Amino acid sequence: MTQRIALIPAYEPDGKLLSLLAQAKEAGFSPVVVNDGSGMAYESIFKQAARFGTVLSYTQNHGKGYALKLGLSYIQENEALPCTVVTLDADGQHTVEDARRVCAAAEKEPDALVLGSRRFDRKTVPLRSRLGNRITLGVYRLATGRKLQDTQTGLRAFSSQHIPYLLERCGERYEYEMNVLLDWARDGKKIREVPIRTVYLDGNRSSHFHTVLDSFRIYREILKFSASSVVCFLVDYGLYSLFLFLTAALPSETALLASNIGARIISSILNYSINRKLVFQSHENPVKSAAQYFLLAAGVLAGNSLVLSLLVQNLGLSRFTAKILTELLFFCLSYAVQHFVIFRRPKKQPDASPGSAQRCEKKVSCLASDTVRS
């Protein structure tokens, strides 16, 4: 069996970290703890933690993603490879037995990322965590087309062959783990889920997750797309209303169709420019992506006009209310096609090249120049 390394990012931990380390060591794991700038008040805990394995420390708090990448960089440079890496939270909410199970699954499928997935029932999970998980699951499924049970789990196991790839993912705080799942799915890589115990201690009070700021970081991509769509909808709706006024002398159905088409052509040009440059930051050939986008826009426009006409002519809705309902209906379809087809990222090889890995190691090493090993 290959070596198993337990990578544990820790910020202001308590005695539960020491208990976790003792159990992990006894179970055959080689612990690597990253002290994410916890401060002098926690120095004694990390000194005790060093009895069980390696402790990496730096003075300023950077965030969970930064700590994970620093630990991965250390493992790549200093541990015997190949090995299996499992990440655990320091607050006692992951059990060593579950860590062993996800590691075993990762060793059976070394090309997969294995998630320890919790079940979010009302009896055991705080309301905030339950709602957060449901929202994140919806956002993830919308963004990738994949359905998972738990996107927020910190218990993840993978082969060390994936470390260069993981070092290249963006994010320094809680958004890093979501970015890994997003990129992993987009690149067509395998994700497996292993059911684990759902443990929340003291109502999850030990969590350092900032509800507003960290949620914004996690949902940033879908929020950018939503903001782009809202801006273009306002432009589209404003032009639609203006064109209805200017075509008031025409027959009702003709005015409705002409106003909708005219407004959509102008707003689609704006929407394409914003999504390509700011939302998806696409490097696809602009001629190709523009052709695909406006083909999509034509299809959406045809469906949009049909639904709009049905709502107004058959159901008797107001032309303005019908417009809003129709736009909401086509929002998800438009996002999915743009994300997976038009502005998709080029598929990466499963393993990064040596040059790429070296660039990642250099970047992390430079960021963590104040790191001290215990």
Side-chain angles (χ1 to χ4, degrees), residues 2-10 29-34 36 54 56 62-89 94 99 102-103 105-107 109-117 140 143-144 146 148 150-194 217-218 221 345-368 371:
T2 60
Q3 181 187 18
R4 291 178 175 178
I5 297 177
L7 174 57
I8 306 172
F29 287 94
S30 299
V32 174
V33 179
V34 182
D36 185 24
T54 300
L56 308 174
H62 290 290
K64 188 177 183 181
Y66 182 100
L68 286 170
K69 285 190 277 190
L70 178 65
L72 291 172
S73 181
Y74 170 84
I75 291 169
Q76 183 169 251
E77 294 173 359
N78 296 278
E79 299 289 348
L81 303 180
C83 65
T84 302
V85 181
V86 60
T87 62
L88 302 95
D89 292 343
H94 296 144
V102 295
C103 278
E107 287 161 359
E109 289 190 89
D111 57 340
L113 173 64
V114 179
L115 308 179
S117 296
Y140 184 77
T144 67
R146 291 200 191 185
L148 294 178
D150 186 2
T151 56
Q152 296 179 310
T153 179
L155 183 60
R156 305 178 178 193
F158 46 87
S159 166
S160 58
Q161 70 185 20
H162 299 298
I163 290 179
Y165 178 91
L166 293 168
L167 287 173
E168 290 183 332
R169 301 312 101 197
C170 298
E172 292 192 357
R173 297 188 178 275
Y174 284 101
E175 78 278 8
Y176 170 72
E177 291 177 305
M178 175 58 83
N179 290 342
V180 167
L181 290 181
L182 288 169
D183 289 348
W184 202 279
R186 289 171 189 162
D187 291 340
K189 297 162 78 71
K190 292 182 183 178
I191 298 176
R192 296 288 181 261
E193 292 187 280
V194 174
R217 293 186 181 107
I218 289 172
E221 180 169 326
R345 296 184 182 184
K347 188 169 183 178
K348 299 176 184 179
Q349 297 299 320
D351 299 314
S353 64
S356 175
Q358 290 170 4
R359 289 194 298 274
C360 292
E361 293 167 16
K362 182 178 180 181
K363 180 179 179 182
V364 175
S365 298
C366 291
L367 286 173
T371 302

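Given the structure is predicted, the values throughout are model-derived calculations rather than measurements.
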*asked:* So which atom in Q76 and which in P164 form the shortest heavy-atom distance, rounded to 0.1 Å?
replied: OE1-CG, 3.2 Å
_Audit row: H62, D36, side-chain contact (heavy atoms from CB on, under 4.5 Å) steps and yes/no_ = CA-CA 6 Å; H62 290 290; D36 185 24; 4.0 Å; yes
_C170 backbone acceptor or donor facing N179 side chain under 3.5 Å_ = yes
*Do you know which two heavy atoms are closest between T153 and H94, and how far apart they sit?*
OG1-NE2, 4.4 Å
*Check whether any side-chain N or O of K69 sits under 3.5 Å from a backbone N or O of R169 as a donor-acceptor pair, and report yes or no.*
yes
*Minimum heavy-atom distance T2-P82, with the two atoms named*: CB-O, 4.1 Å
*Do E193 and L148 pass the side-chain contact (heavy atoms from CB on, under 4.5 Å) test, and can you show the C-alpha distance, the side-chain angles, and the key distance before you say yes or no?*
CA-CA 8 Å; E193 292 187 280; L148 294 178; 3.6 Å; yes
*Output, in order, the C-alpha distance, side-chain angles, deciding distance and verdict of side-chain contact (heavy atoms from CB on, under 4.5 Å) for D150 and Q152.*
CA-CA 6 Å; D150 186 2; Q152 296 179 310; 3.9 Å; yes
*Roughly how far, to the nearest 0.5 Å, is CD1 of I163 from CG of L7?*
9.0 Å
_Distance in Å, T151 OG1 paired with M178 CE, rounded so as to fall on 0.5 Å steps_ = 4.0 Å
_Minimum-distance pair of heavy atoms, taken over all atoms of D111 and W184_ = O-CZ2, 4.2 Å
*If every non-hydrogen atom of I75 is compared with every non-hydrogen atom of C83, which pair is closest and at what distance?*
CG2-SG, 4.2 Å
*Under 3.5 Å, is there a donor-acceptor pair linking the side chains of E79 and S30?*
no
*Would you indicate whether the side-chain heavy atoms of L166 and V85 approach each other to under 4.5 Å?*
no
*Measure the CG-CD distance between L68 and E172 for me, rounded to the nearest 0.5 Å.*
11.5 Å
*Mind checking whether H162 and L113 have side chains closer than 4.5 Å, heavy atoms only?*
no
*Out of curiosity, F29 CZ to I8 CD1, how far, rounded to the nearest 0.5 Å?*
9.5 Å
_Backbone N/O of E109 and side chain of R192: donor-acceptor pair under 3.5 Å_ = no
*Taking the side chain from T87 and the backbone from G154, do they hold a donor-acceptor pair closer than 3.5 Å?*
yes
*If you look at every heavy atom in A99 and L88, which pair is closest and at what distance?*
CB-CD2, 3.9 Å
*side-chain contact (heavy atoms from CB on, under 4.5 Å) with Y74: which of L72, N78, L70?*
N78
_Side chains of L181 and L115 in contact at under 4.5 Å (non-hydrogen atoms)_ = yes
_Pair L155, V86 - check side-chain contact (heavy atoms from CB on, under 4.5 Å), show working._
CA-CA 7 Å; L155 183 60; V86 60; 3.6 Å; yes
